[in-house]
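Comments concern the structure below.
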Number of protein chains: 2
Amino acid sequence: MTESERGPRERMVFSAAQLIRRRGVAGAGMRDVVAHAHAPRGSLQHYFPGGKEQLVNEAVRWAGRYAARRVPRFMAGMTERTPAGLLAAMAGQWTQEYAREGFAGGCPVAAATVACADSVESTREAAAGAFGEWTGAVRGALVEMGVPDARAEGLAVVMVSAVEGAVVVARAERDVRALEAVVRELGPVLDAAVERRDRRHP
Amino acid sequence: MTESERGPRERMVFSAAQLIRRRGVAGAGMRDVVAHAHAPRGSLQHYFPGGKEQLVNEAVRWAGRYAARRVPRFMAGMTERTPAGLLAAMAGQWTQEYAREGFAGGCPVAAATVACADSVESTREAAAGAFGEWTGAVRGALVEMGVPDARAEGLAVVMVSAVEGAVVVARAERDVRALEAVVRELGPVLDAAVERRDRRHP
DNA sequence: AGCCGACCATGACGCCTGTCATAATCACCT
DNA sequence: AGGTGATTATGACAGGCGTCATGGTCGGCT
């Protein structure tokens, strides 16, 4: 999260994602981004000749990659690998942030989608790619845990959708009960989808 | 949806909701709203002395009331009243709109939350109220169908969250598969939560 | 008739935004 | 040393935004 010493370009993309997820796309001005990234203002036109659209798209892609990369890390950190555990880890990431830093931020991909899906095609595509990458990672983890291929994709989409929606509700209510409810009610369904197979032989 | 002949004030609130759900809060200018509502521009300061903030808040509250009112209507329109059927109806509202009019719009409450939750307290409160009203209506319907009180609230929150998230994903992907997956995977869980009781006597 | 409040019309203001033009500075290579 | 391309700096610009001041129009009440 706080790998502060990258190039200015990468810092700006990161800062854009951070500001977008807090204030929305329109609320995150380019001047704010360079200030937040401690980057020179003149670098904007140099690194992002495509303007704000390009910067937003890269921030969205960055967020998608980040979410996807987190999935195997969650898997590695779980003592007992179950689909419900993965869902709990995904939601837990949010509940922990909200407990730590308050309900200031949401998902930048959702923010970009809500603001640009109907007006900026390239951003919509970037958001679709981000969701796809994220869902793909979750689906892979589910298959690895024994969920049959036929259902893994659908369940992964549901997990991502439910968490995404719960984040919005949680932010509005300033209460993580939506995230907790998703874990509580959806978890058992996921575990029930695991195909029985011999586990006695590791 | 198209009760066009209300007072100018109500039309402006309705138009604000429509524009917000398509372009986001920042993308929906006040000039656009009056144009969309075929309302006189001078009425803005008369009916909404609180400025854009007031207008947005009323649009959010209107959307919450609208969503809540739809629930009993869904119930009335179902031949066999089941929790899964209600979820299918809620999601179906979106899939039908997307099939009919394309993926232009999302949920105005989500749009307002994403853009204002951290900057405009009153809007955040309005969004929380809207989600609460909606969830309350769903919870009531679940109880009516035999879901025990203890689980009804949580399941209602999950239904709303999942649909809300699936709408975002669907809009990004220009594909209703997320909505369909939510119905397919979540529906059975809801029906399984219905307490067994004698139904032979209507 | 005369008034008065509700409602509408319009133009202007100040602010902030994204973008660009231009020039200065730096790093590095031959 | 000289030059060359990458990077940074800064100021200006046009456009859009929300808001407001001012004045016009209507309808109903006394």
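Everything numeric in this text was worked out from a predicted model, so none of it was measured. In what follows, every chain begins at residue 1, and chains take the letters A, B, ... in the order their sequences are listed. Side chains are part of it too, since the values below use all heavy atoms of this structure and drop only hydrogens, waters and symmetry mates.
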Length of the line joining B:L19:CG and D:dG16:P, which is rounded to integer Å: 17 Å
Specify the separation, in whole Å, of atom CE of A:M12 and atom P of D:dT7. 10 Å
Closest-nucleotide 5' rank along DNA chain D - winner of A:Y47 and B:D32: A:Y47
Which residue pairs pass the salt bridge (Lys or Arg N to Asp or Glu O under 4.0 Å) test when at least one of the two sits in residues 169-189 of chain A, sequence neighbours left out? A:E173-A:R177, A:R174-B:E121, A:R177-B:E153, A:E185-B:R151
Grab the CG-C1' distance between B:L44 and D:dC17 for me, whole Å please. 13 Å
Report the C-alpha distance between A:E97 and A:R21 in whole Å, list the side-chain angles of each, state the deciding distance to 0.1 Å, and finish with yes or no for salt bridge (charged side-chain N to carboxylate O under 4.0 Å, His left out). CA-CA 13 Å; A:E97 172 186 329; A:R21 81 196 201 86; 2.7 Å; yes
Are the side chain of A:S43 and the backbone N or O of A:H46 linked by a donor-acceptor pair below 3.5 Å? no
d(NE2, A:H46; C1', C:dT19) in whole Å: 16 Å
Nearest whole angstrom, please: distance from the P of C:dT17 to the CG of A:L55. 15 Å
Going 5' to 3' along nucleotides 20-25 of chain C, which nucleotides have protein heavy atoms under 4.0 Å from the base (write B), which only from the sugar-phosphate (write S), and which from neither (write -)? BB----
In short, A:A127 meets A:T113 closest at the heavy-atom pair CB-OG1, 3.3 Å
Provide, to the nearest angstrom, the distance between the CZ atom belonging to B:F48 and the P atom belonging to D:dT19. 12 Å
Taking B:R139 first and then B:E144, would you say they form a salt bridge - that is, a charged N and a carboxylate O separated by under 4.0 Å? no
Going from CD on B:E58 to OH on B:Y47, what distance comes out if it is rounded to the nearest 0.5 angstrom? 12.5 Å
hbond_proxy B:R31 side chain to D:dG18 base (donor-acceptor, 3.5 Å cutoff): yes
Separation of atom CZ in A:R23 from atom P in C:dC16, rounded to whole Å: 13 Å
Distance check: side-chain N/O of B:S43 vs OP1/OP2 of C:dC8, anything under 4.0 Å? yes
Whole-Å distance between C:dC8 C1' and B:M30 CE? 17 Å
Indicate yes or no: does A:R23 engage A:D32 in a salt bridge with an N to O separation below 4.0 Å. yes
